[in-house]
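Everything numeric here is computed off the predicted structure, so don't read it as measured data. One is the number of the first residue; the rest follow in order along the sequence.
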Amino acid sequence: MISELRKFIRKLKAKKKRSYLYRSGWSARYGISEAESIAVEEFVTYTDSTSSGKRKKKKDSRIEKRPVEIFKEILSKEPKVDLRNLDSQIEIVKKRKKFLEEELELPADDEEEALKFLLARKKYLKHQGKFRWSTTTFPKIEALCKKYKVKLVNFDSYYKTVPMEAFDELEKFISAYDKVRNDKPVIKLIIDSGGKETRKDPILLVGSPFGKWFFVLGAWDKEVEIVDDLIYKGK
């Protein structure tokens, strides 16, 4: 049965035109829980209060670049997936999760996430060839957002900026993801923030089903300009 997310992706694909400026993370491979969005406000510093009592902003000193120009800086070697004693690890995490929830009445979100990673790893050897995209980590993403005028955002809020090729990659990823997990993957975008083309040229990231890292599905250029001109600029 096709998942609701895959149906949503196919519906969006039907409305998109193709671009030849897309850079696939599949071909760029060197051979991930949901990270918090990184906002531009984090990089705007303040001086002491003025005579009026208001704090004075300093200019954002980060470098202005489009995400498509810098996406290679976040690529990293694929993390090694530990497949040793998986059944034993799963039982330990299950016991810890049960103790936290039933005996201490505490949330066990980390244990729940770890359990999903471990269960997916039992299928890793069979399906690893389907996950051939480049990888990255949250520290790499964070460093990129501190150096350049970009930020990490949720896919749901900015999917209209995503071109046809990205949906092709996303559908391919979801098809592979469904073979090892039965939940929805984390989907993120790195977008321009504070530059001349805010929200343009995003990088598409998805959470790995096997551990706390991301796959980089790709980056692209100006394919969405036509939609922007019509919808947002009244042209």
Side-chain angles (χ1 to χ4, degrees), residues 3 5 25-26 28-39 42 67 70-101 106-147 150-157 169-170 172-191 202-219:
S3 68
L5 182 56
W26 184 286
R29 183 177 184 273
Y30 281 130
I32 93 183
S33 144
E34 183 170 357
E36 293 295 325
S37 295
I38 302 174
E42 295 181 32
I70 57 177
F71 86 103
K72 288 186 178 180
E73 292 189 34
I74 62 171
L75 301 185
S76 62
K77 292 183 179 179
E78 183 177 0
K80 185 176 180 181
V81 178
D82 185 1
L83 302 177
R84 296 171 297 174
N85 304 316
L86 285 176
D87 289 335
S88 176
Q89 290 186 59
I90 288 169
E91 287 306 310
I92 290 172
V93 175
K94 281 183 176 179
K95 287 181 180 179
R96 176 180 170 84
K97 180 176 180 294
K98 183 177 181 180
F99 180 76
L100 287 170
E101 292 177 335
L106 292 172
D109 295 343
D110 289 346
E111 288 70 23
E112 178 68 26
E113 183 181 27
L115 192 57
K116 290 178 180 178
F117 288 148
L118 290 171
L119 290 170
R121 288 182 182 190
K122 295 196 72 172
K123 304 175 184 179
Y124 178 78
L125 291 177
K126 182 178 180 180
H127 298 290
Q128 62 177 316
K130 297 179 177 68
F131 296 89
R132 293 173 53 194
W133 294 275
S134 305
T135 59
T136 189
T137 61
F138 184 69
K140 283 258 188 182
I141 297 168
E142 189 175 32
L144 193 79
C145 292
K146 287 180 178 180
K147 183 177 180 180
V150 296
K151 69 176 179 179
L152 183 69
V153 298
N154 291 324
F155 176 83
D156 293 352
S157 301
E169 295 291 319
L170 190 53
K172 187 191 300 182
F173 176 84
I174 292 170
S175 178
Y177 187 95
D178 285 347
K179 295 184 184 303
V180 296
R181 294 269 291 258
N182 59 7
D183 57 351
K184 292 182 180 180
V186 172
I187 309 175
K188 293 283 190 177
L189 294 171
I190 295 177
I191 63 169
I203 299 168
L204 178 60
L205 306 171
V206 287
S208 167
F210 306 112
K212 208 176 180 75
W213 67 86
F214 292 93
F215 286 108
V216 184
L217 265 58

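The minimum heavy-atom distance linking Ala114 with Val93 is given by the pair CB-CG1, 4.5 Å. Here the closest non-hydrogen pair linking Ile190 and Leu144 is CD1-CD2, 4.2 Å. Counting all heavy atoms, side chain and backbone alike, Phe117 lies closest to Pro209 at CD2-O, 3.4 Å. The shortest heavy-atom contact between Phe155 and Leu170 is CZ-CD2, 4.0 Å. Taking each heavy atom of Cys145 and Leu152 in turn, the nearest pair found is SG-N, 4.0 Å. Nearest approach of Leu75 to Ser134, heavy atoms of both residues: CD2-CB, 3.4 Å.
Ile203 CD1 to Glu73 CD: the interatomic distance, rounded to the nearest 0.5 Å, is 9.5 Å. A distance of 5.0 Å separates CD1 of Ile191 from NZ of Lys151, quoted to the nearest 0.5 Å. A distance of 5.0 Å separates CD1 of Ile187 from CD1 of Ile174, quoted to the nearest 0.5 Å. Note: Leu115 CG to Arg96 CZ = 12.5 Å, rounded to the nearest 0.5 Å. Atom-to-atom distance recorded for Leu118:CG and Glu91:CD is 11.0 Å, nearest 0.5 angstrom. Atoms CZ and CD, on Phe215 and Glu169 in that order, are 12.5 Å from each other to the nearest 0.5 Å.
Looking at residues two or more places apart in sequence or on another chain, you find no side chain to side chain donor-acceptor pair (under 3.5 Å) involving Lys140.
Gln89 places a side-chain N or O within donor-acceptor distance of the main-chain N or O of Arg84, the cut-off being under 3.5 Å. Within the 3.5 Å criterion, the main-chain N or O of Ile74 finds a donor-acceptor partner in the side chain of Thr136.
Contact check for Glu101 versus Glu111: no side-chain heavy atoms found under the 4.5 Å cut-off. Between Leu204 and Leu189 there is a side-chain heavy-atom pair separated by less than 4.5 Å. A 4.5 Å side-chain heavy-atom check between Lys188 and Val206 finds every atom pair outside the cut-off. In this structure, the side chains of Phe131 and Glu78 stay at 4.5 Å or more apart for every pair of heavy atoms.
Dense packing is recorded around CZ of Arg181, with more than 12 heavy atoms of other residues, nucleotides or ligands lying under 6.0 Å away.
A tilted orientation is assigned to the rings of Tyr177 and Phe173, their planes being inclined by 30° to 60°.
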Lys126 and Val180: CA distance, side-chain angles, deciding distance, side chain to side chain contact (heavy atoms under 4.5 Å, CB included) verdict: CA-CA 9 Å; Lys126 182 178 180 180; Val180 296; over 6 Å; no
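A salt bridge links Asp87 to Lys122: at least one charged side-chain nitrogen sits closer than 4.0 Å to a carboxylate oxygen.
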